[in-house]
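Here the structure is a predicted model, which means the values were calculated and not measured. Just so it is clear: chains get the letters A, B, ... in the order the sequence lines come, proteins before strands, and each one is counted from 1.
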Amino acid sequence: MSEEQKQPEKQDIPEVFLSPYNPKEHEDALYHMWEESGYFNPDVCIEKGVTAPDAEPFSMVLPPPNVTGTLHMGHAAMLAVEDILTRYNRMLGKRTLWIPGTDSAAMATQSKVEGLIYKEEKKRRDEIGREELLKRINAFAEESKDTIIGQTKKMGSSLDWSRYAFTLDETRYNAVMEAFVRMYNDGLIYRGARSVNWDPAMQTTVSDDEVVYEEKNSPFYYFKYGPFTIGTVRPETKFGDKYVVMHPDDKRYAEYEHGQQIDVEWINGPITATIIKDEAADPEMGSGVMTITPWHSAVDFEIAQRHNLDIEQVIDERGCLMEIAGEFAGMHIKKARPAIIEKMQAKGLIEKVDESYTHNVATNERGGGMIEPQIKEQWFIAVNKEFAMGHSEVPGVAEGDTVTLKELMIKTVESGGTEIFPERFKRVYYNWINNLHDWCISRQIWYGHRIPAWFKNSEVKVQVESPGAGWEQDPDTLDTWFSSGLWTMSTLGWPAATDDFATYHPTTVLETGYDIIFFWVARMILMTTYLTGQVPFKNVYLHGLVRDKSGKKMSKSLGNVINPLDMIEQFGADATRLSLIVGAAPGNDMPLGEDKVRAYKKFANKIWNISRFILTSVADAEQSATPVLSERDQEILAGLARTVTEVSAEIDRFNLYIAAEKSYHYVWHELADVILEESKDIINGDDAAAKAARQYVLTRCLIDSLKLLHPFMPFITEAVWQELPEEMRDAEQLMVAPWPVAKAE
RNA sequence: GCGCGCUUAGCUCAGUUGGUAGAGCAGUUCGUUUACACCGAAAAGGUCGGGAGUUCAAGUCUCUCAGCGCGCACCA
């Protein structure tokens, strides 16, 4: 076959189709086109007439990535899922809003920047000063933010950038202040001395959820304590132990009475110990006797409170021993431990040492060190305090009902006001709430929202502006999750009564990873139901974690991290997205290997070639009235309609993995392998009527397949759409084209 | 300790209300120069972790055993 023979046919279709699909040539330009059009913004869609002004709203917030770093595969998966939901609903004609933002992640960010500064300048927090440190953190956050936004766009995310929000910007600041002051005035925020998780390295408190336990092997010491034997891994806390606790029913110690005093020889000499009978002592454990250190243990603190015992601090905020330690005072606990053991050994107070003891050491997940419980004056949210519910749209809760925040959180889900998918996470959610203690919300770091509380001598005032001369603002800042808890509201302008809030709140769905159900989902429900009487979202869709090919967690130390940008660079954003969707059942972790991404790149190319083939085949079609369809033609259209119906139903049920697979299967193994193959004879045949009919059918198949695939693979489908002849398209951009209507011929 | 999940083809996983198993990748055989080798066709491959029960019928429901993973709590 000669070159001349090929030429005429080729001219009928856009030249762009003549080489394999290359994502790099199209993606950035297409994203630019979408962004320029303004269609990410529902207001523009209404203005330009692609969305009805009174259409049903669909709204969702982007779980704001932390400004500490760059996007990873988990983010990419999240973006893929959310963009699919967004694009699908937009094509359905809904007023669709997906709001972008970033999170200050105060503790993690400050920790990171402090680390960088120390590395370069050997300077600590106090040497830099509050103002200067904040300046540096802000600069870091700003840069990180730009990186994240750039990466988010690479994924094709159809976010309305005109509504971009940052947790520390002015609107969000107003929301935080409003929430804090209101909760304080309603008695749901209080200041009190409690046992809190103190991080001596970061010099701040940490919430219960941010404490992670690491298993460690440490020697376990058995000490002589008068007539008793007590065990501990932490001898350095034991100086002030003057209460010895045993179970009231423990027969071994029946001879001792509650409140009885005995003299014992202890680390720094003789002391008088008091016997306490309390059920917290487990007779099965060791000798069944323990001494307590209430200042440095939440459990011991509770025992001490029950019996009204003295409480003494042993370790200071920096992790050094205090006066009570006598000759060891001023030593850091790490150095003190061996010295103490040496002395105990010399005094003959050590009975035995178990070297194979493993226990869990509490550490700060956000880049800090080992946790030392301390009693500290902090701000708390009272989760068990009853109050009268204000205005309420939460099902099952009426205005004026007496509730606690815990009950509100439970009822919101129980009543179906918020649905959780997959359902099994409801139980996880209830479980967590039932174990919930008052939430410590103050942090001793500088980055974040400063607490609107003012002190003058012993007086306290809670208000945003300074009450006047002589008043000092609380130097502490709020837990990041306090502001995150307001996110669905604050991104829509709350506390101002905005049109956005009226239209888009409650949001339709919250899509996020199951790992932050406690941190975030529960807290949004708490804050939003209390503050507005609305649920924050009607649905929660929880996705799993992206793991490596063999199911291991991706981590730098294992070297198995796959960078989403690398995947986009090699295989395109569409292939990357699809690889993160197919096989990812809601709430299940998903393994990902490069092979999978590569496989979907082939699919992108397949779409490209299907488009080329159909466009070539229909190039000489006449724009006549609807042709007479054969039985087979009708069957093809019915199959197409069935696929549309099924895929739509699966997306509605959040079964994106099934929807994606069905679309994929239809396009490749039905449209391409069967329909296109059998059409070759008809298109090249002599029966003009049959040919016209098949041309009509193929056009329909192409248009609807592109629409069907668009939410999943927005770039390639839009690229093809832009090459279609004008008369074939029913919208300027596929992004805002109407979702196919399933209709039988 | 409490709770949740997983165990299905060599690998990674699907399998909606119970009707004797599917996909992708890998592998086998064959084919293919005009939509696409980033292709097509065909074949192969599983007693659905073990055991018991309910049922006409169980991967699917119940109980039980085993292994793996995760969350929470405890940790003197």
Visitor: Is the phosphate of G24(B) approached by His669(A) (side-chain N or O, under 4.0 Å from OP1 or OP2)?
Guide: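 Checking G24(B) against His669(A), a side-chain N or O does come within under 4.0 Å of OP1 or OP2.
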
Visitor: Quick one: label Asp515(A) by what it contacts on the DNA or RNA (base, sugar-phosphate, nothing), any heavy atom closer than 4.0 Å.
Guide: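 Since no nucleic acid heavy atom lies under 4.0 Å of Asp515(A), the category is nothing.
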
Visitor: Quick one: does any side-chain atom of Thr293(A) pair with a main-chain N or O of His296(A) as donor and acceptor, under 3.5 Å?
Guide: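 Checking the backbone N and O of His296(A) against the side chain of Thr293(A), no donor-acceptor pair under 3.5 Å is found.
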
Visitor: Verify the contact: side-chain N or O of Lys606(A) to OP1 or OP2 of G40(B), cut-off strictly under 4.0 Å; return yes or no.
Guide: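 Indeed, a polar side-chain atom of Lys606(A) lies that close.
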
Visitor: Under 4.0 angstrom, heavy atoms only, what part of the nucleic acid is Tyr657(A) near: base, sugar-phosphate, or nothing?
Guide: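 It contacts sugar-phosphate atoms only.
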
Visitor: Between U62(B) and U16(B), how many Å separate the two P atoms, rounded to a whole number?
Guide: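 Rounded to whole Å, the distance is 14 Å.
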
Visitor: Select base, sugar-phosphate, or nothing to describe what Ala672(A) touches, counting heavy atoms under 4.0 Å on all strands.
Guide: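 Base contact.
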
Visitor: Counting side-chain heavy atoms from C-beta on, which of C38(B), G24(B), A14(B) comes nearest to Pro20(A)?
Guide: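 Looking only at heavy atoms from C-beta outward on Pro20(A), the closest nucleotide is C38(B).
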
Visitor: Side-chain N or O of Arg427(A) versus OP1/OP2 of G3(B): is the shortest distance under 4.0 Å?
Guide: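 Negative; the distance criterion is not met.
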
Visitor: Expressed in whole Å, how much space separates the P atoms belonging to G10(B) and G27(B)?
Guide: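 Going atom to atom, P in each nucleotide, I get 15 Å.
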
Visitor: Quote, to the nearest angstrom, the P distance that separates G24(B) from C6(B).
Guide: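 Result for the P pair: 24 Å, nearest Å.
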
Visitor: So what does Val299(A) touch, heavy atoms closer than 4.0 Å: a base, only the sugar-phosphate, or nothing?
Guide: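 Here Val299(A) touches the backbone only, sparing every base.
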
Visitor: If you measure from the C1' atom in C13(B) to the same atom in C48(B), how many Å do you get, rounded?
Guide: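 Comparing C1' positions in C13(B) and C48(B) gives a spacing of 13 Å.
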
Visitor: Remember a base hit wins even if backbone is also touched, and classify Asn435(A) as base, sugar-phosphate or nothing at under 4.0 Å, heavy atoms.
Guide: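 Answer is sugar-phosphate: Asn435(A) comes under 4.0 Å of backbone atoms only.
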
Visitor: The test is salt bridge (charged side-chain N to carboxylate O under 4.0 Å, His left out); show your working for Arg694(A) and Glu678(A) and say whether it passes.
Guide: CA-CA 10 Å; Arg694(A) 186 47 66 97; Glu678(A) 74 176 41; 3.0 Å; yes

Visitor: Remember a base hit wins even if backbone is also touched, and classify Phe603(A) as base, sugar-phosphate or nothing at under 4.0 Å, heavy atoms.
Guide: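 No contact.
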
Visitor: State whether Trp668(A) places a side-chain N or O below 4.0 Å from either non-bridging phosphate oxygen (OP1 or OP2) of C36(B).
Guide: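 For C36(B), OP1/OP2 do not have a side-chain N/O of Trp668(A) under 4.0 Å.
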
Visitor: Which nucleotide in the set A76(B), G24(B), C36(B) lies at the smallest distance from any side-chain heavy atom of Tyr664(A)?
Guide: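 From the listed options, G24(B) comes nearest.
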
Visitor: How far does the C1' atom of U55(B) sit from the matching atom of C74(B), given to the nearest Å?
Guide: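 After rounding to an integer number of Å, I get 44 Å for this pair.
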
Visitor: What is the nucleic acid contact for Ile292(A), judged by heavy atoms within less than 4.0 Å: base, sugar-phosphate only, or nothing?
Guide: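 Here Ile292(A) touches no strand at all.
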
Visitor: Scan Tyr221(A) against the nucleic acid and name what it touches under 4.0 Å (heavy atoms): base, sugar-phosphate only, or nothing.
Guide: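 The residue Tyr221(A) makes no contact with any strand.
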
Visitor: Which of the following nucleotides, A41(B), C75(B), C36(B), is nearest to the side chain of Asp673(A)?
Guide: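 Looking only at heavy atoms from C-beta outward on Asp673(A), the closest nucleotide is A41(B).
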
Visitor: Distance between the C1' atoms of C72(B) and G53(B), in whole angstroms?
Guide: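 Approximately 33 Å lies between the C1' atom of C72(B) and that of G53(B).
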
Visitor: What contact category does His437(A) fall into here, base, sugar-phosphate, or nothing, at under 4.0 angstrom with non-hydrogen atoms?
Guide: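 No contact.
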
Visitor: Identify the two heavy atoms, one from Lys680(A) and one from Phe613(A), that lie closest to each other, and give their separation to 0.1 Å.
Guide: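 Scanning both residues, the minimum pair turns out to be CG-CZ, 3.7 Å.
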
Visitor: Would you indicate, yes or no, if C39(B) has its OP1 or OP2 atom less than 4.0 angstrom from a side-chain nitrogen or oxygen of Asn605(A)?
Guide: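 Asn605(A) to C39(B) OP1/OP2: no side-chain N or O under 4.0 Å.
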
Visitor: Between Glu279(A) and Arg306(A), is there a salt bridge with N-O shorter than 4.0 Å?
Guide: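 Result for this pair is no, no salt bridge flagged.
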
Visitor: Which of these nucleotides, G71(B), C4(B), A35(B), is closest to any side-chain atom of Phe518(A)?
Guide: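 So the side chain of Phe518(A) is nearest to G71(B).
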
Visitor: If you measure from the C1' atom in U8(B) to the same atom in U47(B), how many Å do you get, rounded?
Guide: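 To the nearest whole Å, 12 Å.
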
Visitor: For Tyr253(A), is the NZ or CZ atom of Lys277(A) found under 6.0 angstrom from the centre of its six-membered ring and inside 45 degrees of the ring axis?
Guide: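 Not flagged: Lys277(A) not positioned over aromatic ring of Tyr253(A).
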
Visitor: Students often get this wrong, so: under 4.0 angstrom with heavy atoms, is Lys596(A) touching a base, only sugar-phosphate, or nothing?
Guide: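 Contact class for Lys596(A): none.
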
Visitor: Just checking Asp300(A): base, sugar-phosphate only, or nothing, at a heavy-atom cut-off of under 4.0 Å?
Guide: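 The answer is nothing, as Asp300(A) stays clear of every strand by at least 4.0 Å.
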
Visitor: Tell me: CG of Leu702(A) to P of A35(B), nearest whole Å?
Guide: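 Interatomic distance, CG of Leu702(A) to P of A35(B): 16 Å.
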
Visitor: Which is true for Ala280(A) with a 4.0 Å heavy-atom rule: it touches a base, it touches only sugar-phosphate, or it touches nothing?
Guide: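 Ala280(A): base contact, heavy atoms under 4.0 Å.
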
Visitor: Looking only at side-chain atoms of Leu676(A), point me to the closest of A76(B), A35(B), C74(B).
Guide: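 The listed nucleotide nearest to Leu676(A)'s side chain is A35(B).
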
Visitor: Give the ring-plane orientation class for Tyr600(A) versus Tyr664(A), where under 30° counts as parallel, over 60° as perpendicular and anything between as tilted.
Guide: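 Correct class here is perpendicular.
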
